[in-house]
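Bear in mind the structure is a predicted one, so any value in this text is a computation, not a measurement. In what follows, every heavy atom counts, from backbone to side chain, and hydrogens, waters and symmetry copies are set aside. Quick note on labels: first sequence line is chain A, next is B, and so on, each numbered from 1.
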2 protein chains.
Amino acid sequence: MTGNHPKPISPEEAAETLRAASLRPTRQRIAIAERLLDGRARHVSAEQLRDELVDYGQPMALATIYNCLHQFEEAGLVRPVHHAGDAVLYDTNLCDHHHFVDVETGELIDIDPGEIILPELPDLPDGFEAETIELTVRLRRKS
Amino acid sequence: MTGNHPKPISPEEAAETLRAASLRPTRQRIAIAERLLDGRARHVSAEQLRDELVDYGQPMALATIYNCLHQFEEAGLVRPVHHAGDAVLYDTNLCDHHHFVDVETGELIDIDPGEIILPELPDLPDGFEAETIELTVRLRRKS
DNA sequence: TTACTACTTTAGAATCATTCTAATTTTCTT
DNA sequence: AAGAAAATTAGAATGATTCTAAAGTAGTAA
Ligand SMILES: [Mn+2]
Ligand SMILES: [Mn+2]
Ligand SMILES: [Zn+2]
Ligand SMILES: [Zn+2]
């Protein structure tokens, strides 16, 4: 793990976080924030999040979930990861970190940044700046 | 549409490579091998490859291109890269190497493995072995 | 509160990469 | 050349995501 400790989040806290991000605290955004912004490091797809919201008695349109995830992303509340399977996973771990990917299941496992020595970067192409540096280790179950 | 493409390998060479990979040298596979296996390091999507084959007077069904790319992948002749945009790119550079990704265009640029110091890997989860280790540096054009 | 307006949600359609199906064609072997 | 196996193909299907445009909601000023 990465040292993130679960901190339960109330609807009021969720609303406050949303306001701080200049997002109107709608019922839908609050429900999503309550689930995703509790400090736990997770990787969820839009569909997984929908199932979870149904379980919690807050079903909503899939389009709304996509809308909210994009807004949360823009606000820096979640980060998309494109490496596993077909669906984008949204990462609630905002620290710099890397991933193991189970190639069979597509599941992501965080690599603690303390456990890895970041490599020296090569010279970047002219006119570009590095936005993110991501190490992905694809894992396969030993036979 | 019509771009500058380098000189391909000969159909005979392509057919021989295919036989060595236990793939029947069909007209379609030969055409694809001629374009992709000329030793140049490239990153192509299925659709880009189709356009190129049309330019070369060897149009074929998109399904065939997908079939062939999968077979080439299984034979170790190309490697898929999933990091850029929505479409999978097939990499003809089989050496261990890493990638810059232009986040605007999705274009991949190889990072010479000599230019980078591979990090020490952390302990893998029990029962897994590392299949690939991939470093991706996302680049954004300086404003 | 009311009214206004901008923002948000929503169902369903559309899009796009990719995969599947089932029929036809080609390759390889006798 | 003939038969069996493998490959190609058009078009349909799939699945994640985005779009559309209509209906609902939230913030705000009167
Ligand atoms: Mn993908
Ligand atoms: Mn993607
Ligand atoms: Zn993560
Ligand atoms: Zn490459």
Side-chain angles (χ1 to χ4, degrees), chain A residues 11-12 14-33 43-54 57-75 77-78 80-90 105-106 108, chain B residues 11-12 14-34 43-54 57-75 77-78 80-91 105-106 108:
Chain A
E12 293 75 21
E16 193 42 51
T17 300
L18 290 167
R19 282 193 203 93
S22 305
L23 293 171
R24 284 190 184 179
T26 64
R27 179 162 39 79
Q28 291 84 349
R29 287 179 183 149
I30 289 169
I32 292 176
H43 310 96
V44 247
S45 70
E47 301 259 7
Q48 287 166 355
L49 180 54
R50 181 178 58 168
D51 292 346
E52 185 171 327
L53 288 162
V54 168
Q58 298 286 353
M60 66 188 73
L62 193 51
T64 302
I65 294 173
Y66 277 107
N67 288 342
C68 290
L69 286 171
H70 291 151
Q71 295 147 0
F72 281 34
E73 175 186 348
E74 202 143 340
L77 300 174
V78 299
V81 183
H82 297 76
H83 290 258
D86 299 306
V88 172
L89 298 184
Y90 286 87
T105 65
L108 291 184
Chain B
E12 293 75 21
E16 194 40 53
T17 301
L18 290 167
R19 283 192 203 91
S22 305
L23 293 170
R24 286 190 182 179
T26 65
R27 178 163 41 80
Q28 291 83 348
R29 285 179 183 150
I30 289 169
I32 292 176
E34 286 180 64
H43 310 96
V44 234
S45 70
E47 302 259 8
Q48 287 165 355
L49 179 55
R50 182 178 59 168
D51 291 347
E52 185 171 328
L53 289 163
V54 167
Q58 298 286 355
M60 66 189 72
L62 193 52
T64 302
I65 293 174
Y66 277 107
N67 288 342
C68 291
L69 286 171
H70 291 151
Q71 295 147 0
F72 281 34
E73 174 185 348
E74 203 143 339
L77 301 173
V78 299
V81 183
H82 295 77
H83 291 257
D86 299 306
V88 172
L89 299 183
Y90 286 87
D91 196 334
T105 65
L108 290 184

Student: Round to a whole Å and report the spacing from CD of A:Q58 to P of C:dT9.
Tutor: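 It is 12 Å, rounded to the nearest whole Å.
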
Student: Can you find a side chain N or O atom of B:S45 that sits less than 4.0 Å from OP1 or OP2 on C:dA17?
Tutor: no

Student: On the nucleotide C:dT19, are OP1 or OP2 found under 4.0 Å from the side-chain N or O atoms that B:Y66 carries?
Tutor: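 No.
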
Student: When rounded to the nearest 0.5 angstrom, what is the spacing between OH in B:Y66 and CD in B:E47?
Tutor: 5.5 Å

Student: Take B:R27 and B:R24, find for each the nucleotide of DNA chain D with the closest heavy atom, and name the residue whose nucleotide sits nearer the 5' end.
Tutor: B:R24

Student: Counting distance only, does the side-chain N/O of B:R29 pair as donor-acceptor with the main-chain N or O of B:R24 below 3.5 Å?
Tutor: yes

Student: Could you check how far CG of B:L69 sits from C1' of D:dT8, rounded to whole Å?
Tutor: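 So the CG-C1' distance, B:L69 to D:dT8, works out to 15 Å.
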
Student: Tell me the interatomic distance from B:L23, atom CG, to D:dT8, atom C1', rounded to whole angstroms.
Tutor: 15 Å

Student: The side chain of A:T26 is closest to which nucleotide in this list: C:dC28, C:dC7, C:dT9?
Tutor: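 Shortest atom-to-atom distance from the side chain points to C:dT9.
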
Student: Rounded to whole angstrom units, what separation is found between the CD1 atom of B:I65 and the C1' atom of C:dT19?
Tutor: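 Checked: the CD1 to C1' distance equals 15 Å.
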
Student: For the side chain of A:A63, counting heavy atoms from C-beta on, which of D:dC19, D:dA5, D:dT18 is nearest?
Tutor: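 Nucleotide nearest to A:A63's side chain: D:dC19.
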
Student: Could you give the CE-to-P distance, from A:M60 to D:dG24, as a whole number of Å?
Tutor: 18 Å

Student: What's the spacing between A:S45 OG and A:D51 CG if we round to 0.5 Å?
Tutor: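 A:S45 atom OG to A:D51 atom CG measures 8.0 Å (nearest 0.5 Å).
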
Student: Is the CD atom of B:E16 crowded by more than 12 outside heavy atoms at less than 6.0 Å?
Tutor: yes

Student: Return the minimal non-hydrogen interatomic distance between A:L18 and A:P25, and the atom names on each side.
Tutor: CD1-CA, 3.9 Å

Student: Starting from P on D:dA16, measure out to CG on B:D86 and report it in whole angstrom.
Tutor: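 Result: 13 Å.
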
Student: Ignoring the backbone of A:A61, work out which of C:dC28, C:dA11, D:dA10 is nearest its side chain.
Tutor: C:dA11

Student: Give the nucleotide from the list C:dT27, D:dG27, D:dT17 with an atom nearest to the side chain of A:L62.
Tutor: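 The answer is D:dT17, which lies nearest to the side chain.
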
Student: Side chain of A:A87, heavy atoms from C-beta onward: which of C:dT8, D:dA16, C:dC28 has the nearest atom to it?
Tutor: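 Among the listed nucleotides, the one closest to the side chain of A:A87 is D:dA16.
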
Student: To the nearest Å, how far apart are A:N67 CG and D:dC19 C1'?
Tutor: 10 Å

Student: State which of C:dT9, D:dA10, D:dT8 makes the closest approach to the side chain of B:R29.
Tutor: D:dT8

Student: Just how far, in rounded Å, is C1' of D:dG15 from CD of A:Q48?
Tutor: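 Atom-to-atom, A:Q48 to D:dG15, this comes out as 15 Å.
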
Student: Judged by each residue's nearest nucleotide on DNA chain C, which is more toward the 5′ side, B:Q28 or B:E47?
Tutor: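 Closer to the 5' end of DNA chain C: B:E47.
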
Student: So, is B:H70 close to the C:dT19 phosphate, meaning a side-chain N or O under 4.0 Å from OP1 or OP2?
Tutor: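 B:H70 to C:dT19 OP1/OP2: side-chain N or O found under 4.0 Å.
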
